Amino acid sequence: MESLFKLGVIFSVIDKITGPANKIAQSVANLDKNMQKAKGVVEFGQRIAVSAAFLEGSAQKMRGQIGKMVEPVAVVNDRLAALSTVTTSTMGSIDKSMELTGQRAMEWEKLHREVADKYIDTTSLALQ
């Protein structure tokens, strides 16, 4: 009888231990799953960071190229502003004269970028 009682106590202790032990095992398994998910999120974040770096490099190159395209127009416009202070109307109005001079300067700029300033300077001298 005493053996049965001891056996009953042993089973009772085992039942009381296995429940929490199973919960601990489940928690460890869940923790492992969560760690795998977190690792995936970290790797995804790293890929995004690399992509963002490439995107920033591309954006800088594009800004540089756009700047190269816009620079000649800005230079001609700056030079035309100076010219407009000394020019006289030869096309019926100063605006028409300046527009035609600007168009001609941009045509020259397309063909010979360095020549555009000289063309505007020459026009400016001729009108003084």
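Only a predicted model underlies this, so the values are computations on that prediction, with no experimental measurement involved.
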From [X] atom [atom1] to [Y] atom [atom2], the distance as rounded to the nearest 0.5 Å:
{"X": "Gln65", "Y": "Met62", "atom1": "CD", "atom2": "CE", "value": "10.5 Å"}
{"X": "Leu55", "Y": "Gln60", "atom1": "CG", "atom2": "CD", "value": "10.5 Å"}
{"X": "Asp32", "Y": "Lys37", "atom1": "CG", "atom2": "NZ", "value": "11.5 Å"}

Side-chain cluster (under 4.5 Å, hydrophobic types only) that Val50 belongs to, other residues =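 Besides Val50, the hydrophobic cluster comprises Phe54, listed by chain and residue number.
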Going by salt bridge (charged side-chain N to carboxylate O under 4.0 Å, His left out), name the residues that satisfy it together with [X], two or more places apart in sequence or in a different chain.
{"X": "Glu43", "answer": "none"}
{"X": "Glu107", "answer": "Arg104"}
{"X": "Arg47", "answer": "none"}

Sequence-distant partners of [X], side chain to side chain contact (heavy atoms under 4.5 Å, CB included), two or more places apart:
{"X": "Asp78", "value": "none"}
{"X": "Ile66", "value": "Met69, Val70"}
{"X": "Glu99", "value": "Gln103"}

By the salt bridge (Lys or Arg N to Asp or Glu O under 4.0 Å) test, which pairs, at least two apart or in different chains, include something from residues 53-66?
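Passing the test, one end in residues 53-66: Glu56-Arg63.
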